[in-house]
Amino acid sequence: MNIVILAAGQGKRMVSDLPKVLHPIAGKPLVGHVLDTARLLAPEKLIVVHGHGGKRVQQALSAADVQWAEQARQLGTGHALAQALPLLSDAGQTLVLYGDVPLTRLETLQQLLAAGREGLAILTVDLPDPTGYGRIVRNAAGEVTKIVEQKDASEAERAIREINTGIMAMPTARLADWLGQLKNDNAQGEYYLTDIVALAVAEGVPVRTAQPAADWEVLGVNSKVQLAELERCHQRNQAEALLVAGVRLADPARIDIRGRLQHGRDVSIDVGCVFEGEVSLGDGVEIGPYCVLKNVTVAAGTRLAAFCHCEDAVIGEQAVIGPYARLRPGAELAAEVHVGNFVEIKKSRLGRQSKANHLAYIGDAEIGERVNVGAGTITCNYDGVNKHKTIIEDDVFIGSDTQLVAPVTVGRGATLGAGTTLTKNAPPNALTVSRPRQLTLEGWQRPQKKSSDTP
Ligand code: UD1
Ligand code: CA
């Protein structure tokens, strides 16, 4: 089987310099969705017909399994498919998909291919308002005789509600002949792929139709309005799948998944959360409102309070994170760690039961178990040129407002007094403080306002 994805159209109504098929749904280009579904059918050839902004489309989607056919001028859907002809393997079926119709389900395409096993198959839907689409014309026996485009249709044909979605399966062996016979003597002066239907009928090739389970499967994107509508539709579908799988969503209309969200049992997600890339939530995980998680693994029983922002991070079991925690790439938190508000952690490991509850920056650090990082602690990991490591061993207590000037090590069981600027290693099991002794000046008085001072 061959799959050809037509993606040469410009998409003027997107009002954008980005080629239409690269506009994203759930963070992935429209045509990326089409390619992913196409791959599930394991085609022998997977071909994208590109035109407008072709270089950018090719760069964005470079993949070993995709072949490219250029359509330099957009002379119609029939002409577009003809550009792919030399790349097709001649046996079996050719499935035509559109690069701007992203949400068609695998099962629907399988049904279409089954319907077309002995000839040609068209994916159709009945629309209450069919304006703009090609109409499926049937004879008295209900057999398809042709497709007529809106602009070429008679009054009676325009009344037909069954429309051509554009998605078709056809016998590859007949394609070169049919496409060669197409003419552009129609209202738009284009080579219509849809005209092959009448050619097939004339040859006695069976023409069948299949229908998708839902209309959104065949909706295309021509404008930002439609892009936003399909985004919501896709997010609603994903949210419903999560609910069915047992995840509690405070509001299925207020969650965005731009990637893959894996989950255990009894996971609960509050409103306004965004999940990007690969996110995995263990059993009983609770995600508070307005959290953003990108490529994050959260182990069982952990709770994220509101407004956490986590990227490329791993969080252990029974941890308590946030509100307002920021975990940057390379943050690795062991079980039962607590990370509180306005704490930023980058490329650092925190051992079991360690806590950094308020206002801290921890970068390039290795922190042991049961460590308490006081409010306002900063690892000074950057000397302006290079990054250096801070090592804090088990059972350390770091007083508030401490600066650890890396590279530096705090020995096991050590205590750092509040306000310490640590520039040398702190020995284990001892109190290290760096600050001037506290002075109280006897007889000092506050300045008094002079009465003659008034301006
Ligand atoms: C097409 C169908 C119409 C169907 C409708 C569904 C034809 C003649 N008409 O109409 O029956 O109801 O889709 O949306 O096929 N493209 C190219 N090169 C071209 C022209 C189009 O690659 O020269 C691509 C576009 O990028 C798009 C797809 O083909 O992905 C459909 O093109 P579009 O112009 O939207 O087709 P319609 O005129 O809407
Ligand atoms: Ca269209």
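All values below were derived from every heavy atom in this structure, side-chain atoms included, with hydrogens, water molecules and symmetry-related copies excluded. FYI, the numbering just counts along the sequence from 1. Order of listing sets the numbers, starting from 1, for every ligand and every atom in it.
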Selection from [options] by shortest heavy-atom distance to [atom]:
{"atom": "atom 23 (O) of ligand 1", "options": "Gly76, Pro19, Gly51", "value": "Gly76"}
{"atom": "atom 15 (O) of ligand 1", "options": "Val221, Thr77, Val148, Leu127", "value": "Thr77"}
{"atom": "atom 12 (O) of ligand 1", "options": "Val218, Ile147, Asn164", "value": "Asn164"}

State whether the shortest distance between N or O atoms of [X] and N or O atoms of ligand 1 falls below 3.5 angstrom.
{"X": "Ala8", "result": "yes"}
{"X": "Leu193", "result": "no"}
{"X": "Asp100", "result": "yes"}
{"X": "Glu149", "result": "yes"}
{"X": "Ile163", "result": "no"}
{"X": "Gly9", "result": "yes"}
{"X": "Tyr98", "result": "yes"}
{"X": "Gln71", "result": "yes"}

Can you list the atoms of ligand 1 that are under 4.0 Å from a heavy atom of [X]?
{"X": "Tyr192", "result": "8 (C)"}
{"X": "Gln74", "result": "18 (N), 19 (C), 23 (O)"}
{"X": "Leu6", "result": "22 (O), 24 (C), 29 (O), 30 (O)"}
{"X": "Gly134", "result": "3 (C), 4 (C), 11 (O), 12 (O)"}
{"X": "Ala80", "result": "17 (C), 18 (N), 22 (O)"}

Residues [X] and [Y] bridged, charged N to O under 4.0 Å:
{"X": "Lys151", "Y": "Glu149", "value": "no"}
{"X": "Lys389", "Y": "Glu366", "value": "yes"}
{"X": "Lys146", "Y": "Glu157", "value": "yes"}
{"X": "Lys294", "Y": "Glu278", "value": "no"}
{"X": "Asp312", "Y": "Arg328", "value": "no"}

- Message: In terms of relative ring orientation, are Tyr324 and Phe342 parallel, tilted or perpendicular, with 30° and 60° separating the classes?
- Response: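 Geometry flag for Phe342 against Tyr324: parallel rings.
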- Over 60° means perpendicular and under 30° means parallel, so classify the ring planes of His50 and Trp68, tilted if in between.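 The rings of Trp68 and His50 stand perpendicular, inter-plane angle above 60°.
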- Task: State whether the number of non-hydrogen atoms from other residues, nucleotides or ligands found under 6.0 Å of Arg303 atom CZ is greater than 12.
- Result: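 No, not enclosed.
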- Any chance CD of Glu70 has more than 12 other-residue heavy atoms, nucleotides or ligands included, within less than 6.0 Å?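 More than 12 within 6.0 Å, yes.
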- Query: What do we get for Leu75 next to ligand 1 when only non-hydrogen atoms under 4.0 Å count, side chain, backbone, both or neither?
  - Reply: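 Answer for Leu75: backbone.
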- Item | ligand 1 contact on Thr165 by region, counting heavy-atom pairs under 4.0 Å |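 Under 4.0 Å from ligand 1, Thr165 contributes backbone atoms alone.
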- Stepwise, does the side chain to side chain donor-acceptor pair (under 3.5 Å) test hold for Asp152 with Tyr192? CA-CA 11 Å; Asp152 302 288; Tyr192 291 163; 2.8 Å; yes
- Taking the side chain as C-beta and beyond, is there a heavy-atom pair between Leu41 and Gln110 under 4.5 Å? yes
- Message: Is Gly220 close enough to touch ligand 1? Criterion: a residue heavy atom under 4.0 Å from a ligand atom.
- Response: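 Outside the 4.0 Å threshold, so no.
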- Message: Just verifying a value: how many Å separate Ile47 CD1 and Thr94 OG1, rounded to the nearest 0.5 Å?
- Response: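 Separation between the atoms: 7.5 Å.
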